[in-house]
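Ligands are counted one by one from 1 in listed order, and the atoms in each one are counted from 1 as well. The figures that follow rest on heavy atoms only: side chains count, while hydrogens, waters and symmetry mates do not. Predicted model only: the values in this text are computed from it and were never measured.
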Amino acid sequence: MYACGPTVYNFAHLGNHRCYVFNDLLRRFLKFKGYELTHVMNITDVDDKTIRDSRAAGESLKSFTDRYLDAFIDDLKTLNIQMPEILPRATEHIDLMIDLISTLLERGHAYKTERGDVYFKINSFEDYGRLVNLDRSKLLENADGRMRSDEYDKDNANDFALWKAYDSEDGDVVWDAPFGRGRPGWHIECSAMSTRYLGQPFDIHTGGVDLRFPHHTNEIAQSECACDSQFVRYWMHNEFLIVNGKKMSKSVGNFFTLRDLLEKNYHPLAIRYELLKTHYRQRLDFREDHMSENLKVLEKFPDFFARLDGVTSSGEGWRPVHERIERFLESFEAGLDNDLNISESLASLFEFMSDINREAGNLSVENVREIREAMVRVDLVLGVMHFQPERDIGEQVESLIREREEARKQKDFARADQIRDDIKKLGVELKDTPNGVTWKKI
Ligand code: AMP
Ligand code: ZN
């Protein structure tokens with residue numbers, strides 16, 4: 001699976017994160033289903049905006065984009081989004097893009113202008129626009145009016161740049177290619193990096209609906225003209241996150257970042273839940289007043305697990321539990337099987353939890369074990385059940401928890417146990433679960 005990733009010239013806004021949470025749900029569900037998955041997400045670290053803003057900041061392109069890439073990865077962690085297997089950076093794959101452009105030139109699908117730009121010739125690809133049912137006669141009619149003076153040497157106004165000839169505005173951002181010095185266009189990045197890691201055709205390509213045209217339309221044109229095979233088997237596009245009826249976007253200025261919301265003390269999982277719970281092909285009207293409703297929903301999880309913790313009976317327990325769990329897991333899966341119908345799956349989860357709550361007095365320890373197993377499995381898809389309402393465990397404990405995670409990563413378990421004891425002396429008990437560490441105040 002290939003997902004169009006961020007352009008790292010600024011912090012991602014919440015609309016962007018809707019897209020990454022959708023990718024994460026798809027990713028986790030494919031794994032839940034038992035598929036082997038390689039998830040690639042590109043990092044656009046060279047384009048007009050990264051060059052413009054790094055120059056304005058007086059920084060090298062690399063150190064400038066590194067900073068925003070780090071911030072982006074922090075955001076993914078905050079939202080409990082699993083890391084893709086491969087995060088290729090455009091600037092580390094320029095040679096592949098050059099090869100692809102050379103092939104397109106050789107095959108007559110591209111041409112070089114006097115200025116030294118290389119354009120893709122859309123009339124050379126009969127299927128151009130198939131993804132969006134493009135009416136090409138209209139496109140060509142409109143074209144003349146839109147031709148800008150700096151694009152006068154294109155054959156057709158809709159031809160798009162594969163390579164941009166060096167311009168002094170680009171500073172030291174330049175690569176040598178057989179067809180001249182310059183830098184790649186945006187669309188060619190994704191064609192080059194997706195097939196580099198996934199082959200052609202590959203299974204799933206995702207992105208927001210705004211990318212269907214021209215970005216994904218152009219990716220298809222480039223890749224299918226360079227290699228005589230289908231590019232992608234399935235396309236999945238998420239709808240927009242909107243604010244007051246308008247698409248959240250940097251250019252409109254109606255955006256906020258994850259950091260903006262965390263500063264207002266919204267819980268990261270309440271934000272994740274907000275982005276997760278609406279079907280990906282529906283518009284999502286982001287409302288801050290949903291955050292407290294989401295918290296109420298999330299609080300059901302620690303309550304539920306605490307109730308299970310209280311079960312001590314070793315008796316026969318509630319007989320139908322096994323059947324009830326099977327029914328739950330089946331309906332949870334059936335919901336998401338239906339084009340990721342998350343509402344249906346969440347409904348089956350909450351119905352299950354309320355049935356179990358009702359029978360809590362009749363449960364046995366063995367029942368609880370089975371119930372927990374099912375919940376862990378489902379949370380591998382949702383990633384929200386480790387919610388902890390008590391966030392104010394203090395800076396000191398939080399930093400000790402991080403230190404302990406580090407020790408565990410280094411397999412220094414003696415040190416990790418020592419830190420756990422220290423934390424307990426501060427009044428907080430840690431518990432390691434398959435989904436990460438949780439805590440409670442004692
Ligand atoms: P960008 O960094 O602008 O290339 O966008 C990264 C991803 O976020 C793309 O897949 C976009 O389609 C998606 N995206 C941008 N704005 C929104 C929005 N308001 N709602 C949902 N997805 C968006
Ligand atoms: Zn892309």
Side-chain angles (χ1 to χ4, degrees), residues 1-27 39-50 53 65 68-69 71-73 75-76 79 81 84 86-90 93 96-97 100 131-132 160 162 184-198 202 204-223 231-232 235-258 271 274-276 278-287:
M1 155 165 134
Y2 183 86
C4 286
T7 305
V8 281
Y9 73 109
N10 209 322
F11 298 112
H13 63 62
L14 214 66
N16 302 136
H17 283 310
R18 174 176 200 199
C19 179
Y20 306 124
V21 167
F22 150 62
N23 289 335
D24 188 51
L25 175 63
L26 177 59
R27 169 198 170 83
H39 175 185
V40 179
M41 178 166 71
N42 70 300
I43 305 295
T44 299
D45 60 354
V46 55
D47 77 327
D48 295 346
K49 291 175 277 189
T50 44
D53 291 1
T65 53
Y68 288 109
L69 176 56
F72 177 71
I73 288 171
D75 282 0
L76 297 188
L79 287 172
I81 292 172
I86 307 174
L87 282 173
R89 294 177 69 135
H93 296 80
L96 291 178
M97 299 171 206
L100 199 52
L131 183 68
V132 288
F160 58 90
L162 299 168
W186 172 40
H187 312 300
I188 198 76
E189 275 184 26
C190 288
S191 280
M193 293 192 283
S194 56
T195 55
R196 158 71 179 80
Y197 293 102
L198 300 172
F202 61 90
I204 304 173
H205 193 317
T206 67
V209 282
D210 54 333
L211 299 190
R212 279 188 302 208
F213 184 83
H215 185 51
H216 291 162
T217 293
N218 292 350
E219 282 183 36
I220 294 172
Q222 297 162 153
S223 294
F231 176 43
V232 169
W235 291 89
M236 294 178 80
H237 292 100
N238 64 280
E239 252 301 343
F240 291 137
L241 179 136
I242 56 174
V243 194
N244 299 325
K246 279 216 181 82
K247 174 195 173 193
M248 176 177 283
S249 79
K250 290 217 173 91
S251 52
V252 177
N254 62 345
F255 70 94
F256 37 83
T257 64
L258 183 59
I271 304 170
E274 182 67 16
L275 299 178
L276 190 71
T278 300
H279 188 258
Y280 75 98
R281 284 193 295 110
Q282 257 169 10
R283 292 191 154 209
L284 190 166
D285 189 357
F286 186 82
R287 301 244 313 267

Counting non-hydrogen protein atoms only, what is the nearest one to [atom]? Give residue, atom name and distance.
| atom | value |
| --- | --- |
| atom 10 (O) of ligand 1 | Gly208 N, 3.1 Å |
| atom 5 (O) of ligand 1 | Asn16 ND2, 3.3 Å |
| atom 4 (O) of ligand 1 | Thr7 OG1, 4.0 Å |
| atom 19 (N) of ligand 1 | Met248 O, 2.9 Å |
| atom 20 (N) of ligand 1 | Leu241 N, 2.7 Å |

Of [options], which has the heavy atom at the shortest distance from [atom]?
| atom | options | value |
| --- | --- | --- |
| atom 18 (C) of ligand 1 | Ser251, Cys19, Gly15 | Gly15 |
| atom 9 (C) of ligand 1 | Leu14, Leu211, Leu275, Ile242 | Leu211 |
| atom 7 (C) of ligand 1 | Trp186, Phe240, Phe72, Tyr20 | Tyr20 |

task: Go through ligand 1 atom by atom and flag the ones less than 4.0 Å from a non-hydrogen atom of Lys247.
output: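 Contacts of ligand 1 toward Lys247, numbered from 1: 16 (N), 19 (N).
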- line: Near Asn238 (heavy-atom distance under 4.0 Å), the atoms of ligand 1 are 21 (C), 22 (N)
The Zn ion (ligand 2) to nearest N/O/S of Cys190 below 2.8 Å: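 Within the cut-off used here (under 2.8 Å), Cys190 does place an N, O or S atom near the Zn ion (ligand 2).
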To the nearest 0.5 Å, tell me how far [X] [atom1] sits from [Y] [atom2].
| X | Y | atom1 | atom2 | answer |
| --- | --- | --- | --- | --- |
| Leu276 | Leu79 | CG | CG | 10.5 Å |
| Leu241 | Phe255 | CG | CZ | 13.5 Å |
| Lys250 | Lys49 | NZ | NZ | 7.5 Å |

field: Proximity of Lys250 to ligand 1 by residue part, where a heavy atom lies under 4.0 Å
entry: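 Neither; no heavy atom under 4.0 Å.
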- request: Look at the aromatic rings of His237 and Trp235 and report parallel, tilted or perpendicular, splitting at 30° and 60°.
  value: parallel
- prompt: Angle class for the Phe22/Tyr280 ring planes (parallel below 30°, perpendicular above 60°, tilted otherwise)?
  reply: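 Answer is parallel, since the angle falls under 30°.
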field: Vertex the Zn ion (ligand 2), rays to NE2 in His215 and SG in Cys4 - rounded to 10°
entry: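 Centred on the Zn ion (ligand 2), the NE2/SG angle is 120° (to 10°).
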task: List the steps, then state whether ring-ring contact (aromatic ring centres under 6.0 Å, His included) holds for Phe202 with Phe231.
output: CA-CA 7 Å; Phe202 61 90; Phe231 176 43; 5.4 Å; yes
query: Can you check side chain to side chain donor-acceptor pair (under 3.5 Å) on Asn42 and Tyr2, steps first, answer last?
result: CA-CA 8 Å; Asn42 70 300; Tyr2 183 86; 3.3 Å; yes
- prompt: Can we call the ring centroids of His93 and Tyr197 under 6.0 Å apart?
  reply: yes
- prompt: Backbone or side chain, does any N or O of Val209 fall under 3.5 Å from an N or O of ligand 1?
  reply: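 No.
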- prompt: Should Asp210 be counted as touching ligand 1, given the test is an N or O pair under 3.5 Å?
  reply: yes
- request: Report the C-alpha distance between Asp47 and Trp186 in whole Å, list the side-chain angles of each, state the deciding distance to 0.1 Å, and finish with yes or no for side chain to side chain contact (heavy atoms under 4.5 Å, CB included).
  value: CA-CA 7 Å; Asp47 77 327; Trp186 172 40; 5.5 Å; no
- prompt: Within the side chain of Ser191, is there an N or O that forms a donor-acceptor pair under 3.5 Å with the backbone of Glu219?
  reply: yes
Sub-4.0 Å heavy-atom approach of Glu239 to ligand 1: yes
